[in-house]
Amino acid sequence: MGISFVNHKAKILIKDYPRADSLKKEVLSLLTFTPHIPKDFTNVKAFHTDWDWHPDNVIFNNFKAFVINEIEKEYGRMLYISDHGMPKTYKCIDFWVNVYSKGEYAVPHAHDPALYSFAYFLNSKWYDSPFIFSDTGKKIRPKEGKFVVFPSYLKHHVPKHRYDHNRITISGNLKVSE
């Protein structure tokens, strides 16, 4: 795992999260009581939590910090200085969960104007629908505990889920902020 090139300009990062078990346990315990966004209001035609799901959850914030650290290692730290003299850093601005039941999918879409986006395979089998970069056809096979970071302008989608078990992912967007 590491850096993979989607096209001549865009790099994606594929890594495993070392605390996958605790993250999965936390998400599954909270999903039971979570309302969803109607499918008509999102590119994901499946169960979808709020965009900023549980922003104060310590386990989720540890995961976000891990992803940001991996982004800084692979893409570089933000060396920009704000108008106030403060260094700018990456910040997770959106964090949500998708639960795909049989027949559900995500249409081709991008996440700009965010800088980077990620998808994390929380509950999935290797044969479940892959994460596909729409313009190139590059497929990322699901594996529990694996996350994919990519520039937010890259279009991606998920084909229809064909199985009776749920395919669950976490997604998020990052931007640069003070």
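Across Ile168, Asn166, Thr169, a single residue satisfies side-chain contact (heavy atoms from CB on, under 4.5 Å) together with Tyr100, and that is Thr169.
Salt bridge present: Asp164 and Lys102 bring a charged side-chain N and a carboxylate O closer than 4.0 Å. A salt bridge does not link Glu104 with Lys45: none of the charged nitrogens is closer than 4.0 Å to a carboxylate oxygen.
With sequence neighbours left out, the side-chain hydrogen bond (donor to acceptor under 3.5 Å, both in side chains) criterion links Asp94 to Asn173. Judged as a ring-ring contact (aromatic ring centres under 6.0 Å, His included), and not counting sequence neighbours, the contacts of Phe47 are His36. Residues that satisfy the salt bridge (charged side-chain N to carboxylate O under 4.0 Å, His left out) test with Lys24, not counting sequence neighbours, are Glu144. For Phe150, the ring-ring contact (aromatic ring centres under 6.0 Å, His included) partners at least two apart in sequence or on another chain are Phe131, Phe133, His156. The ring-ring contact (aromatic ring centres under 6.0 Å, His included) search around His157 returns none, not counting sequence neighbours.
Separation of atoms CD (Glu26) and CG (Asn57) is listed at 4.5 Å; rounding is to 0.5 Å. Taking CD1 of Ile140 as the start and CD1 of Ile12 as the end, the distance is 4.0 Å to the nearest 0.5 Å. To the nearest 0.5 Å, atom NE2 of residue His48 and atom OG1 of residue Thr42 are 3.5 Å apart. The distance from the NZ atom of Lys155 to the OG1 atom of Thr136 is 13.0 Å, given to the nearest 0.5 Å. The CG atom of Asn43 sits 11.0 Å away from the OG atom of Ser171 when rounded to the nearest 0.5 Å. In this structure, the separation between CG on Leu174 and NZ on Lys64 is 9.5 Å, given to the nearest 0.5 Å.
No continuous path of hydrophobic side-chain contacts links Tyr105 to Val99 [ILVMFWY only; heavy atoms under 4.5 Å]. Note: the hydrophobic cluster containing Ile71 also contains Val176 (ILVMFWY, side chain heavy atoms under 4.5 Å, direct or indirect links). A single hydrophobic cluster is not seen to contain both Ile132 and Val44; linkage of ILVMFWY side chains at heavy-atom distances under 4.5 Å, directly or through other members, places them apart. Transitive grouping of hydrophobic side chains (ILVMFWY, heavy atoms separated by less than 4.5 Å) brings Trp53 and Phe66 into a common cluster.
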field: Test log, rule side-chain contact (heavy atoms from CB on, under 4.5 Å), inputs His54 and Leu30
entry: CA-CA 9 Å; His54 291 282; Leu30 293 170; 3.9 Å; yes
- prompt: Given the rule in the side-chain hydrogen bond (donor to acceptor under 3.5 Å, both in side chains) test, do Thr49 and Thr34 qualify, once you have shown the distances and angles that lead to the verdict?
  reply: CA-CA 7 Å; Thr49 67; Thr34 300; over 6 Å; no
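A cation-pi arrangement is absent between Lys146 and Tyr120 under the rule of less than 6.0 angstrom and at most 45 degrees off the ring axis.
Atom CZ of Arg141 sits in a crowded spot, with more than 12 heavy atoms from other residues, nucleotides or ligands closer than 6.0 Å. In the displayed structure, Asp21 atom CG is contacted under 6.0 Å by at most 12 heavy atoms of other residues, nucleotides or ligands.
Judged as a side-chain hydrogen bond (donor to acceptor under 3.5 Å, both in side chains), the pairs with a partner in residues 124-133 (not counting sequence neighbours) are, in order, Asp128-His165.
Ring geometry for Phe118 against Phe63 counts as perpendicular: the plane angle is over 60°, on a 0 to 90° scale with 30° as the lower cut.
The aromatic ring centroids of His111 and Trp51 lie 6.0 Å or more from each other.
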